[in-house]
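Throughout, a chain's letter reflects where its sequence line sits, starting with A, and its residues are numbered from 1. Just so you know, these numbers come straight off a predicted model, no measurement behind them.
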Number of protein chains: 2
Amino acid sequence: MDDHTDQTRKPRADAVRNRERVLEAAKAVFNAGGPEASLEAVAKRAGVGIGTLYRHFPTREDLFEAVYRREVEQLSELAEHLRSAKDPVDALRRWLRSAVEFVATKKGMSAALALTYQSSSELAAFSMDRLTKAIGSLLGRAAEAGQMRGDMSPEDLLRALIGMCYMHDQPGWQSSVLRMLDVFVDGLRVQPAAKAKARAAKRTTPPEKRKR
Amino acid sequence: MDDHTDQTRKPRADAVRNRERVLEAAKAVFNAGGPEASLEAVAKRAGVGIGTLYRHFPTREDLFEAVYRREVEQLSELAEHLRSAKDPVDALRRWLRSAVEFVATKKGMSAALALTYQSSSELAAFSMDRLTKAIGSLLGRAAEAGQMRGDMSPEDLLRALIGMCYMHDQPGWQSSVLRMLDVFVDGLRVQPAAKAKARAAKRTTPPEKRKR
DNA sequence: CCAAGATACGGAGGCACCCTCCGTTTAACA
DNA sequence: TGTTAAACGGAGGGTGCCTCCGTATCTTGG
């Protein structure tokens, strides 16, 4: 009875490949057809059997969650890449734009997300954490370079971003949010004259919230 | 060709009755089983055939919308009744409590509501209007009686209410919201000493937002 | 009160999708 | 290359969706 075989086996290549394919297909199908789209359609688009889909993602919610998680991770990685951009402020701006785009493509999925978020608060925690860190990284670099106020926490910025996107049912919301974000980033920017003062305030008591 | 028959006929009694029954059943079934609940279950509970249900509400969304509208109207009517209560401040407080309860029973339906709101912005407009008027009526009476500040608009109060309920996934959110509302109403209350001043300020420039 | 016509009712039936189950295939390891 | 665990695919039973139409019921004019 050689039960010493509990050393984990390498996962099968086809399994890994298929999982990836299904995620890709699901992203496309859900974005196009909304959260009610047929899972059989997803399987067909992925070029796998329906059984395979169900083995990887036993419930519809599991699939939602996985797709969403993956995209959050991609946003997070984008922040990683943007860290090496020349202009830190521009990098932050670009990342925010990508985030808005991310929300935009999820338009049809908002109901599904509400449902998923409700059933798995762990997912909410995960994405908040990930996104906060992404923003924090970009924000921190810009602050260290002395180009931005240091008294805005990543959490605050994320909340502002979410709040702005929350009104995404009005027509033209996207450009509106983009405009607001630009204004916002400009506001965060350290004015040349005030640069020294901002650097001094970086790790001390945050200054009183400026009016208008 | 006597086409003068366009004088509207009285609607059939059974049709009216069945419509009402379906709405009642839908409310119960959706609250219990979430927005995915079977429409056939709704029909069965209402004691009507599935065909009848579909004639009255051709799509699932139509049914959602009708149920929701009806409840908003009930909230609105409650405000009407509360207008004749003795204590205007207490009336407002009671209405707010009912509104929170209304949200609470909709817990499972939040995803459906998101969906419905998205597809029919007219519904959103309707309910905002209705609820704003309901609050306005209670608020106005309390202000006229000199028991409350007159510089809070119904829209603001409604927004605050919605905002507070927006966090309804944390455990214990309901009591938290109720507590916050109490604080809020207390804050709106005119202090005996300041009563005269408040009455004077009623229709002029709002005073600076009070601290703490 | 009755007849006639308008209107609403119910549920059978066809269809799409959900999800499980298991015989077949394939990749990892020795 | 053989063995075996793991993954694959899709047939099939079940459920819910929605339409369609013969039947039942209500309103109205006489």
Could you go through residues 133-140 of chain B and list every donor-acceptor pair under 3.5 Å that involves a side-chain atom there, pairing it with any protein atom two or more places apart or in another chain?
from	atom 1	to	atom 2	distance (Å)
B:K133	NZ	B:D129	OD2	3.2
B:S137	OG	B:R83	NH1	2.9

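- A distance-only check finds no donor-acceptor pair linking the side chain of B:R130 to the backbone of B:R69 [under 3.5 Å].
- Close to C:dA8, at under 4.0 Å from its OP1 or OP2, lies no side-chain N or O of B:T52.
- Between B:R93 and B:D186, at least one side-chain nitrogen of the basic residue sits less than 4.0 Å from a carboxylate oxygen of the acidic one, meeting the salt-bridge criterion.
- Within the 4.5 Å cutoff, no side-chain heavy atoms of A:V100 are placed close to those of A:R97.
- Across the protein-nucleic acid pair, A:R21 atom CZ and D:dC8 atom P stand 10 Å apart, rounded to whole Å.
- Counting heavy atoms from C-beta outward, B:F184 and B:V177 have side chains that stay 4.5 Å or more apart.
- OP1 and OP2 of D:dA7 both lie 4.0 Å or more from every side-chain N or O belonging to A:N18.
- Side-chain atoms of A:R70 do not come within 3.5 Å of backbone N or O of A:E20 as any donor-acceptor pair.
- Salt bridge B:D14/B:R21: absent, no basic N to carboxylate O contact under 4.0 Å.
- Residue A:R55 contributes atom CZ, which lies 13 Å from atom C1' of C:dG23 at whole-angstrom precision.
- Rounded to an integer number of Å, the gap from NZ of A:K10 to C1' of D:dA5 is 15 Å.
- Considering only heavy atoms from C-beta on, A:V183 stays 4.5 Å or farther from A:R179 through its side chain.
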Polar atom pairs between nucleotides 23-26 of chain D and protein, under 3.5 Å, N or O only, would you list them?
from	atom 1	to	atom 2	distance (Å)
D:dT25	O2	B:R12	NH1	3.0
D:dT25	O2	B:R12	NH2	3.1

Please enumerate all protein N or O atoms sitting under 3.5 Å from an N or O of nucleotides 15-19 of chain D, with distances to 0.1 Å.
from	atom 1	to	atom 2	distance (Å)
D:dC17	OP1	B:R60	NH2	2.4
D:dC17	OP2	B:L39	N	3.1
D:dC18	OP2	B:Y54	OH	2.8
D:dC18	N4	B:E40	OE2	3.3

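- Put simply, NE2 on A:H56 is 12 Å from C1' on D:dG9, counting in whole angstrom units.
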